[in-house]
Each structure stands twice: as C-alpha cells, then as structure tokens.
*Asks:* 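Below is a structure I'd like to ask you about.
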There are 2 protein chains.
Amino acid sequence: MATIRDVAIRASVSIATVSRVLNNKGKYAARTAKIVQKAAEELGYIPNLTAKSLKTGSSGTIAFVIHDYFLVNYPIILASALNILNAQGFGVEVLTHIGLEGCIRLVRTGKIDGLLIAGIKNEEHALSALVNCGSHFVILGDGVEREDVNVVEVDYFQGGYIATQHLINLGHQSILFIEDNPQLTFTQEIKRGYLFALDENGIQYKEHLLVPGDMLQGEQEGYRFGIGEKEAGVSAMLITDDRIAIKMIRALNEGGQSVPGDVTVVGFGDLSVSRYFDPPLTSVETPLSQMAELGAEILVNNIKRKDSIVKRVKLMVRFIARETHAKRST
Amino acid sequence: MATIRDVAIRASVSIATVSRVLNNKGKYAARTAKIVQKAAEELGYIPNLTAKSLKTGSSGTIAFVIHDYFLVNYPIILASALNILNAQGFGVEVLTHIGLEGCIRLVRTGKIDGLLIAGIKNEEHALSALVNCGSHFVILGDGVEREDVNVVEVDYFQGGYIATQHLINLGHQSILFIEDNPQLTFTQEIKRGYLFALDENGIQYKEHLLVPGDMLQGEQEGYRFGIGEKEAGVSAMLITDDRIAIKMIRALNEGGQSVPGDVTVVGFGDLSVSRYFDPPLTSVETPLSQMAELGAEILVNNIKRKDSIVKRVKLMVRFIARETHAKRST
DNA sequence: CTGAAAGCGCTAACAC
DNA sequence: GTGTTAGCGCTTTCAG
C-alpha cells in the first residue's frame with residue numbers, strides 16, 4: 001500500500017510537494033507536478049482517507065440516521081439522499097437503531113461531518129445537545145419546534161386536510177380514517193389534518209371512524225379490518241399509505257363492495273406506486289425523494305460553505321384525483 | 001472536545017495509562033482504573049475514532065455495496081445486514097453507484113474493514129484485484145465462479161426449476177415467463193431454471209413465451225403486456241417478482257380472466273409481500289433477509305477472527321403453494 | 001504497573 | 001517553488 005512518502009521518494013521531492021500537487025493546493029512548478037503525478041500513477045497511490053481526516057478534521061462522510069420502518073418501507077428516501085451525497089463526494093453511513101443521543105456520541109467520535117436524520121424521535125433536550133456539539137445536520141420529515149435547526153418536511157397536515165376536504169365536498173360525512181403505524185409523526189399529522197377539516201366543516205368526529213392498524217408490516221390480515229364494520233353511512237376511507245389502500249380495495253371488492261361505486265378510497269404515497277392499479281388510486285402525493293434530495297443539498301451546503309443560515313422548508317402536497325373516489329351515492 | 005490527553009491530565013496519569021484502562025488492555029492497577037474512568041466520565045470523553053483507526057489500521061466500518069435497483073426494491077437486504085453489522089459494532093457505509101474497481105479504490109483509502117457486495121457486476125478481473133488487495137468481503141446474491149471468494153446466494157435456478165416443474169405437473173405446457181429487469185443475474189437464473197425444466201420434460205421452448213419488461217419501475221402500464229396476446233394454450237405464467245405478479249393478476253381480472261380459473265400465476269418473492277393478497281399468491285420464497293444476515297455474519301467472522309476459511313453457501317428456495325395455481329383446465 | 005516516546009499517513013505553516 | 005517540521009489523537013513497544 002503506497003503512501004505519500006513512497007510517492008515523494010519516487011518523484012525525488014518532499015512529501016509536502018506531493019501533497020500540494022495531488023490536492024492542487026498552494027504553488028508548485030508545472031514540471032514537478034508532472035513528475036509527481038507520474039510517480040503517483042505508477043505506484044497506484046491512493047491517499048489514506050483516515051490520515052487525511054485526522055489532519056483536516058473532516059471525514060467526508062455523513063450519517064444517514066433513519067427509523068427502521070422508513071428504511072424498509074420508503075427506501076427511496078435513502079436512495080435519493082445517497083444520489084446527492086455521493087455525487088458531492090460524501091460517503092454515507094446508515095444507522096438505524098440509534099437515537100439523538102447516539103447521534104451526538106457519533107459526532108463526537110469525529111467520523112462524521114454531518115447528519116441527515118429521518119424518522120427519529122427528537123426530544124427537545126437531545127436536540128439542544130446536538131446543536132451545541134456544533135455538528136451540521138438536517139432533520140427530514142418530522143417537524144421540530146426549534147427554529148434554529150434545518151428541517152425539510154412534507155406537509156402531511158395539509159395532505160390530511162385537503163384530502164378530507166375533497167371527500168367532504170363530494171358529500172361524504174362519515175369518513176373512515178385508517179392509520180398505519182399510528183405512532184409515527186407523519187401519521188399523526190395526517191390525522192390532525194383530517195380532524196381539522198372535519199371540524200372546519202362542522203362535522204362531529206366519531207371515535208369508531210378511527211382505525212389504527214399495523215397493517216403494512218403486520219402478518220395478520222389486519223387490512224380486512226373495518227370492512228365487516230362498515231357502519232351505516234361510512235362512504236369513504238382515508239388511508240395513510242397507498243399500499244394499505246390497495247389491500248383495502250381488494251378486501252372491499254371481495255366483500256362485494258365496489259370502489260368507488262360503493263366506497264370511496266383515498267391513499268397517501270408516492271406517485272409511482274399507485275398509478276397503475278385498477279382502478280388507479282386517488283391519492284395524496286408525498287414528495288419523499290424531493291424531501292431527501294433537498295435535505296441532502298442543504299446539508300452539503302452547510303458543510304461545504306459553512307453556510308450557517310438555517311433552512312426550514314415544508315414541501316407542498318398534491319391531491320391526485322384518479323379513479324377511486326366519487327360522490328357519495330345516496 | 002476532550003482528548004485522551006485531557007483525561008490523562010485530569011487523572012494525573014500518562015496518556016498510555018488512560019488508553020490501557022479505557023481499552024482494558026495490558027495491565028493497570030484497579031485503583032488507577034477508577035481514577036481514570038472518573039476523569040473520562042467527568043470530561044464526557046469519547047475517543048476519536050479517526051485517530052484510533054489511523055493507529056490500529058481498522059476503521060470499524062464496512063461498506064455495503066448494492067445496486068440501485070435492489071436498494072429500492074429489496075431494502076430488506078440492507079436492513080437485515082445492518083442489524084447484524086451494527087449489533088457487532090460495525091458502522092455501515094452504503095454505496096450504490098460503484099463497481100468492483102470502485103470497491104478496490106475504497107479499500108485502499110483505508111476507511112473500510114470489509115465489504116458486503118450485492119447485485120454488482122463482478123468481472124473476473126476486478127474480482128481478482130479485490131482479492132489481491134487483501135480485503136475481507138462477501139458477495140451477496142450473484143454467483144461467482146471463483147472458489148476463493150465468499151458467496152451467499154439464493155438458489156434462483158432451483159426456484160425457476162421447481163416452479164416450472166410444478167406447473168408442468170399441473171398439465172401446463174405453454175408457460176409465459178415474465179421477467180422484470182432481464183439484465184439482472186437473478187432473473188437470468190430463474191430463466192435458466194425455467195428453460196431447464198421445460199427441456200427436461202421435452203417441452204419445446206418458444207420465443208414468444210418470454211416477456212421481458214421493466215414493469216416494476218417502469219412508468220408505463222407495461223404490466224398489461226401479455227394479456228392481449230394470450231396465445232392459444234397459454235395457461236400459466238411464471239413471474240420473477242411477486243409485485244409484478246399481483247399487478248398481472250389485476251390486469252387479467254380486468255380482462256375478464258380469472259386466476260387461477262383461467263390462468264395460473266406463480267410469482268417470486270418474500271413471504272410477507274404476497275401472502276395477503278386475494279387470492280393468496282402462489283410463489284417461490286426467496287430468503288433475502290437470511291441471505292443478508294448470513295453474509296454479514298460471515299464477513300464479521302472473517303474480519304474479527306481473521307478466519308480466512310472461504311464460505312460458499314446457496315440458500316434453498318421453497319415453492320409456496322397458495323391459491324393462484326391450478327390444474328390446466330382443458 | 002506506569003511513563004516516555006515513536007509513529008500511523010497526512011496537511012499546513014513556516015522557512016528558505 | 002520546495003523542503004523542513006510540527007502535529008492531528010491515538011496505540012503500543014520498550015524501559016523502568
């Protein structure tokens with residue numbers, strides 16, 4: 001494994017010169033540069049990044065911290081962030097069972113230049129500590145009170161709101177709300193939007209219309225839930241994940257109900273997933289790749305340019321009217 | 001940011017002693033240990049991993065190299081590997097647009113202790129180079145000729161074979177083969193198994209029964225392909241991905257054909273995905289998590305114990321008979 | 001049992 | 001322009 005020293009010897013120059021040439025920093029003669037480059041080439045020299053890190057204090061790798069659930073169910077978040085980050089020359093270390101305190105510890109080991117944090121419970125206290133330890137980071141997805149941290153999030157509240165509003169406009173009053181993974185922030189946000197829209201329209205919220213469920217990962221046939229209990233008047237369903245929505249439609253069909261003839265179904269998710277179902281799923285577009293990419297870009301700018309301006313962005317959501325919704329029949 | 005030096009000063013001992021105590025290496029008095037630990041605690045000392053790496057020559061991080069497609073479509077591979085690797089104290093850097101040469105370069109930067117490689121084209125030549133640069137690595141999924149590299153793979157050939165055999169036993173002769181992402185090794189393996197089974201049963205392979213497709217990621221409604229062209233006699237379909245199979249079933253239903261009444265459909269994939277569809281999908285179980293976990297374990301053992309015994313394992317596949325297959329009707 | 005000292009491979013003043 | 005030198009923070013002989 002050739003070191004900078006080997007290159008220096010072969011090129012008959014000092015290691016400092018080699019460093020300068022290879023990093024294109026400082027001054028050096030064009031002629032020496034040639035010699036050095038040749039030597040490096042011949043030796044197949046590749047700089048030791050660890051040594052470089054130790055000296056410069058930056059590692060060129062960023063931590064992508066993500067909740068298990070998101071990693072498995074929305075891998076596009078990682079993939080998108082990866083694209084940006086790798087293109088910018090950063091390595092990406094993925095961590096999944098780690099809290100904010102873990103992040104802090106990680107930062108202090110010095111192996112990370114910054115963090116992209118998705119779907120992690122962020123307690124005020126730990127967040128302060130993270131800010132204080134001076135690391136660059138941006139939070140993906142989960143809203144955060146503090147105004148001095150970077151946040152990129154999808155406006156799930158708005159999503160829940162506009163979807164519900166649409167349904168109400170179509171005459172639906174009893175709207176089943178099916179939440180996959182109720183404990184996740186985004187689910188709660190959608191619900192908030194749902195409740196807000198109901199309230200705004202003077203519709204009384206009813207407990208039994210809330211169907212929690214562990215449907216996506218669950219091994220039980222939980223998705224059939226809610227069918228048997230089709231209350232009188234339940235004419236629409238708002239579901240926090242397209243995949244659940246699709247299962248639900250199957251279940252409804254099986255139970256002899258047609259969509260959207262008998263029941264209207266609206267999902268939540270990425271365009272690509274649900275457009276091709278039959279009937280094409282009416283859904284709320286959640287720009288997850290965009291979120292990840294934007295977050296990555298902000299992080300990189302923060303790191304590279306020491307650009308310490310805090311960016312807080314909320315990505316708009318769109319109601320995608322396809323074919324699983326209709327006016328309330330009766 | 002407290003360094004080992006700070007701890008040493010506070011504990012009134014030498015740096016060497018601090019190192020010994022904190023790493024529980026070499027000899028030290030129980031009494032000094034107490035003092036040192038207290039000092040470290042009070043300072044909130046966390047060792048700088050970069051410095052440690054530089055000195056010890058191992059970084060505690062392993063590279064997870066995976067093809068884009070797999071990352072997005074089979075995130076369980078990463079998640080499973082991550083579980084094992086993190087539990088063993090390794091960090092995981094994920095890389096996605098990188099070839100074997102890239103891996104070699106990465107190894108030589110010294111920031112990696114080993115590699116888990118999934119879905120990367122492995123040319124004989126680059127593989128040799130990787131072996132020669134002395135890094136620990138295991139290949140996931142794609143078979144490799146060389147017998148001196150660790151490989152954990154799913155026996156897709158067997159999968160294609162047994163599935164086809166089943167269909168033949170049910171009386172099917174014209175079996176449509178729908179391959180998502182034909183260029184991927186595993187697809188090719190399934191096809192090999194399919195062709196082999198046909199051949200073994202003296203069934204002539206027919207060109208038009210092979211339906212390529214970019215269906216999973218494709219934005220077009222490619223999955224409808226093959227329906228209109230239901231040739232006389234096509235009574236079964238073997239599909240390389242459960243998700244495609246499910247779309248296909250929908251499409252078939254829409255076209256007025258019932259599954260398995262008119263057409264038998266068999267997919268490929270993880271249990272959890274397809275069990276809950278209606279009708280439950282007959283499929284071939286591909287133990288992807290197991291593959292990733294096993295690969296990770298082998299890698300860790302290799303690194304930790306310098307256990308240089310090469311492990312080559314092929315994971316068995318199971319035909320899961322559920323409800324989308326039936327005897328050929330006529 | 002403990003400390004002094006060398007040095008992992010590299011960068012960045014600082015001299016020349 | 002180029003070389004010398006001093007470390008980055010840590011581990012690990014080697015003396016004592």
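Letters A, B, ... mirror the listed sequences (proteins, then strands); counts begin at 1.
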*Asks:* When you measure from the side chain of B:Thr56, which nucleotide among D:dG3, D:dT11, C:dG3 comes out closest?
*Replies:*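 Comparing D:dG3, D:dT11, C:dG3 against the side chain of B:Thr56, the answer is D:dT11.
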*Asks:* Under 4.0 Å, counting only non-hydrogen atoms across every strand here, what does B:Thr32 touch: a base, just sugar-phosphate, or nothing?
*Replies:*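 Contact class for B:Thr32: sugar-phosphate only.
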*Asks:* So if I take every side-chain heavy atom of A:Tyr45 and compare against D:dT2, C:dA4, C:dC10, which nucleotide ends up nearest?
*Replies:*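 Ranking D:dT2, C:dA4, C:dC10 by closest atom to the A:Tyr45 side chain puts C:dC10 first.
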*Asks:* To the nearest Å, give me how far apart NZ (B:Lys34) and P (C:dT2) are.
*Replies:*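 These atoms are roughly 13 Å apart.
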*Asks:* Whole angstrom is fine here: how far is it from CG in B:Asn23 over to C1' in C:dC1?
*Replies:*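 So the CG-C1' distance, B:Asn23 to C:dC1, works out to 17 Å.
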*Asks:* Kindly compute the distance separating CZ (B:Phe186) from CG (B:Asn181), expressed to the nearest 0.5 Å.
*Replies:*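 Result: 7.0 Å between the selected atoms.
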*Asks:* Measure CG/B:Leu49 against C1'/C:dC8 and give the value in whole Å, please.
*Replies:*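 From B:Leu49 CG to C:dC8 C1': 15 Å.
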*Asks:* Please report the distance, rounded to the nearest Å, between CZ in B:Arg5 and P in C:dG3.
*Replies:*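 Value for this atom pair: 13 Å.
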*Asks:* With nearest nucleotide decided by heavy atoms, which residue, A:Ala2 or B:Thr17, maps closer to the 5′ end of DNA chain C?
*Replies:*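 Its nucleotide being nearer the 5' end, the pick is B:Thr17.
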*Asks:* Rounded at 0.5 Å granularity, tell me how far OH in B:Tyr74 sits from CE in B:Met291.
*Replies:*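 With rounding to 0.5 Å, OH (B:Tyr74) is 10.5 Å from CE (B:Met291).
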*Asks:* Which part of the nucleic acid, if any, lies within reach of B:Ala16 when heavy atoms closer than 4.0 Å are counted: base, sugar-phosphate only, or nothing?
*Replies:*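 Contact class for B:Ala16: base.
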*Asks:* Has A:Ser19 got a side-chain N or O lying under 4.0 Å from the OP1 or OP2 atom of C:dC10?
*Replies:*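 For C:dC10, OP1/OP2 do not have a side-chain N/O of A:Ser19 under 4.0 Å.
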*Asks:* To the nearest angstrom, how far is A:Lys52 atom NZ from D:dG9 atom P?
*Replies:*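 Going from NZ in A:Lys52 over to P in D:dG9 covers 19 Å.
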*Asks:* Report yes if some heavy atom in the side chain of A:Arg20 is under 4.5 Å from a heavy atom in the side chain of A:Thr17; otherwise report no.
*Replies:*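 SC-SC contact between A:Arg20 and A:Thr17 confirmed.
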*Asks:* Between B:Glu93 and B:Lys111, does at least one N-O distance fall below 4.0 Å, as a salt bridge requires?
*Replies:*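 Between B:Lys111 and B:Glu93 there is a salt bridge, with a charged N closer than 4.0 Å to a carboxylate O.
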*Asks:* What does B:Thr3 touch in the nucleic acid at a heavy-atom separation under 4.0 angstrom: a base, only the sugar-phosphate, or nothing?
*Replies:*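 Sugar-phosphate only.
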*Asks:* Tell me the interatomic distance from A:Leu54, atom CG, to D:dA6, atom C1', rounded to whole angstroms.
*Replies:*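 Between C1' of D:dA6 and CG of A:Leu54: 13 Å.
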*Asks:* Nearest to the side chain of A:Asn48, heavy atoms from C-beta on, is which of D:dT12, C:dC10, C:dA13?
*Replies:*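 Looking only at side-chain atoms, A:Asn48 lies closest to C:dC10.
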*Asks:* By nearest nucleotide on DNA chain C, pick out whichever of B:Lys27 and A:Ile15 is the more 5' one.
*Replies:*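 Of the two residues, B:Lys27 wins.
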*Asks:* Could you please name the option among D:dT2, D:dC8, D:dC10 that lies closest to any side-chain atom of A:Lys55?
*Replies:*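 Nucleotide nearest to A:Lys55's side chain: D:dC8.
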*Asks:* To the nearest Å, how far apart are B:Lys111 NZ and C:dC10 P?
*Replies:*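 Taking atom P of C:dC10 as the reference, NZ of B:Lys111 is at 15 Å.
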*Asks:* Among the candidates C:dC10, D:dT2, C:dA12, find the nucleotide nearest to the side-chain atoms of A:Pro47.
*Replies:*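 Of the options given, the side chain of A:Pro47 lies nearest C:dC10.
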*Asks:* With heavy-atom distances below 4.5 Å as the criterion, would you say the side chains of B:His97 and A:Asn83 are in contact?
*Replies:*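 Yes; the side chains approach each other to less than 4.5 Å.
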*Asks:* Out of D:dG9, C:dG3, D:dG3, which nucleotide sits closest to the side chain of A:Arg20?
*Replies:*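 Nearest listed nucleotide: D:dG3.
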*Asks:* Just the rounded figure in Å: distance from C1' of D:dT13 to NZ of B:Lys25.
*Replies:*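 From B:Lys25 NZ to D:dT13 C1': 13 Å.
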